[in-house]
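Notes follow the structure.
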Amino acid sequence: MLKIRLMGTKNDIKWFEKILKRQSKVVVTDFSELYHNKGTNRFYRAYAEVHKANIKEN
C-alpha cells in the first residue's frame, strides 16, 4: 500500500485522480477531499491511498 500526498491546483489534482483511477495495475482505495495549502489561495493538497492490483502477468 502507498499513501500519496498530491499538491497542486484543483484542476491538476482532479486530473491526476482520474488518471490514477484508470490504471489497471493499481486500485485507489481512498481519495481525500481538497485542502487549502497554507499561505496560498491557488494551491491545494489531497491524499490518496493505493494498492497494487492483483494482476498476474505472463
Side-chain angles (χ1 to χ4, degrees):
M1 177 206 25
L2 291 173
K3 291 189 177 191
I4 304 168
R5 178 180 177 177
L6 304 165
M7 293 175 43
T9 64
K10 283 183 181 181
N11 289 336
D12 290 340
I13 294 172
K14 289 177 185 176
W15 165 78
F16 195 73
E17 178 183 8
K18 289 177 187 175
I19 289 173
L20 269 180
K21 288 183 176 180
R22 283 186 285 193
Q23 297 302 310
S24 61
K25 294 186 178 185
V26 297
V27 177
V28 179
T29 56
D30 189 28
F31 205 94
S32 75
E33 61 185 84
L34 293 174
Y35 299 99
H36 283 283
N37 272 354
K38 291 181 182 176
T40 179
N41 291 330
R42 182 173 178 219
F43 294 108
Y44 292 81
R45 68 186 185 281
Y47 300 90
E49 188 173 294
V50 299
H51 293 266
K52 190 187 310 182
N54 293 330
I55 298 174
K56 293 183 180 180
E57 295 184 20
N58 295 333

Could you tell me the separation between the NZ atom of Lys21 and the CD atom of Glu17, rounded to the nearest 0.5 Å?
-> 4.0 Å
Atom of His36, atom of Arg45 and distance for their closest heavy-atom approach = O-NH1, 2.6 Å
Do Ile4 and Tyr44 belong together in a cluster built from hydrophobic side chains that touch within less than 4.5 Å?
-> yes
Can you name the nearest heavy-atom pair linking Leu20 to Val26, along with the distance?
-> O-CG2, 3.8 Å
With hydrophobic residues grouped by side-chain heavy-atom distances under 4.5 Å, do Val28 and Tyr35 end up in a single group?
-> no
Identify whether Leu6 and Leu34 are in the same connected component of the hydrophobic contact network (ILVMFWY, side-chain heavy atoms under 4.5 Å).
-> yes
Would Tyr47 end up clustered with Leu2 when hydrophobic side chains under 4.5 Å apart are linked, directly or stepwise?
-> no
Would Ile19 end up clustered with Phe31 when hydrophobic side chains under 4.5 Å apart are linked, directly or stepwise?
-> yes
Kindly check if the number of other-residue, nucleotide or ligand heavy atoms within 6.0 Å of CG (Asp30) is above 12?
-> yes
Answer yes or no: is there a side-chain heavy-atom contact under 4.5 Å between Lys10 and Ile13?
-> no
Could you pull out the closest heavy-atom pair between Ala53 and Ser24, with the gap in Å?
-> CB-O, 3.3 Å
